[in-house]
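Heads up: the structure comes next, in structure tokens.
One-based numbering along the sequence shown.
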Amino acid sequence: MATTYYFLPTRNLFGEGSVAEAGELMKSLDGKKCLIVTDKFLGSCGIADRVKEIFVNAGLEAIVFDGAEPNPTDKNVEAGVKAFNDNKCDSIISLGGGSSHDCAKGIGLVAANGGEIYDYEGIDKSSNPMVPLMAINTTAGTASEITRFCIITDTRRKVKMAIVDWRVTPQIAINDPELMKGMPPALTAATGMDALTHAIEAYVSTAANPLTDAAALMAIKMIRQYLPKAVANGDYMQARDKMAYGQYLAGIAFNNASLGYVHAMAHQLGGFYNLPHGVCNAILLPYVERFNLIGNLHRFQDIAEAMGENIEGLSTHEAALKAIDSIRTLSMEVGIPATLKELGVKPEDFEIMAENAKKDVCQLTNPRKATKEQVIEIYRQAYEGQL
């Protein structure tokens, strides 16, 4: 039987106001001159400056690099490495959601190992320890603040590169719900559905184990209960706090059990059209899982129960179908677009995207093997809204 690995950051902070400890924690990593990697919005709205002040007050130097785009690219990483080297930084703080965290991981990989970001596509391609990396999360969705996954768009090929490397796991992760209050409803919905996708794909993954199962099922329960509340009222701190835990649990699950065809296919939509990752996942999720049903009906029965569905008296197959219905219902409740057509996706791109999805590392643990033609058909169904 194969050895099971389990990856997590060394230290994790939760709760309102926990970001105040970031400066002293960076000292424990021996960071003295930090590059804060964030996006334009957080760089301009005052949050990046507020976080920078925490580090300055702790006696550290901090430089803000706000060049992380919503789907971070090879060019973003290149610019970040230049900023890191030009300013003689020795550590990195990622501030934001998945885009900032992934961009920071890419910068750290190249800064520590040399070469270009393309050199690290695949699994465990680095050889040197990362520079000290702290992740401060502002969204409840990607869980990139705790994972060994780094997704960077290769602008030359229009492909999202999946970099899976245990060395990119941040040493410290901070989930402070106060920093999440500013998320608008649409972003709250998209990131929350991203987290649900992580939990469900991890639970049905061929690499699932009892540890990931426990995290995934609790994540599904929490996200189903609290995501609508967080979308309805972003100032409702209990919902923000529970979503922070829910997405974190989903991150634990997929960080160790990996994912499936939802992510393999969504990565292509992001690479081709620069579309929001969480929205792509949310639209694809019911279609991919409907395809996956025969791979493990009992797991989908568990998912239906975790989603709050009454499955008493139903056959295993009937209960499993309830899981698919429940996913679609939640997606509609929180305002996710119904089809890929609404996002401007073009059917003529299905074939090349399907070919690329078949090469994506995430598809390796999908519970049902798929041909290129079957992947194209799933894209078509999600495009037309025909489940």
Check [Y] with [X], please: is the shortest side-chain N to carboxylate O separation under 4.0 Å?
X	Y	value
Asp90	Lys33	no
Glu16	Arg240	no
Lys221	Glu305	no
Glu24	Lys27	yes
Asp213	Arg299	yes

Aromatic ring proximity, centroids under 6.0 angstrom, Tyr261 and Phe291:
no
Ring centres of Phe300 and Tyr203 under 6.0 Å apart?
no
Assess the residue pair Arg380 and Glu377 against the criterion (salt bridge (Lys or Arg N to Asp or Glu O under 4.0 Å)); give the C-alpha distance rounded to whole Å, side-chain angles, the decisive distance to 0.1 Å, and a yes or no.
CA-CA 5 Å; Arg380 186 196 64 77; Glu377 176 60 16; 2.4 Å; yes
Just checking [X]: does its [atom1] atom have more than 12 heavy atoms from other residues, nucleotides or ligands closer to it than 6.0 angstrom?
X	atom1	result
Lys341	NZ	no
Glu333	CD	yes
Phe41	CZ	no

Donor-acceptor pairs under 3.5 Å, side chain of residues 268-284 to any protein atom, not counting sequence neighbours: which ones?
unit_1, atom_1, unit_2, atom_2, d
Gln268, NE2, Ala264, O, 2.8
Tyr273, OH, Lys346, N, 3.0
Tyr273, OH, Asp349, OD2, 2.5
Asn274, OD1, Asn71, ND2, 2.9
His277, NE2, His263, NE2, 3.4
His277, NE2, Asn281, ND2, 3.0
Asn281, ND2, Asp194, OD1, 2.8
Asn281, ND2, His263, NE2, 3.2

Hey, are His101 and Ser94 close enough side-chain-wise for a donor-acceptor pair under 3.5 Å?
yes
Check the pair Thr139, Met183 against side-chain contact (heavy atoms from CB on, under 4.5 Å), reporting the backbone distance first and the verdict last.
CA-CA 7 Å; Thr139 67; Met183 274 197 298; 3.6 Å; yes
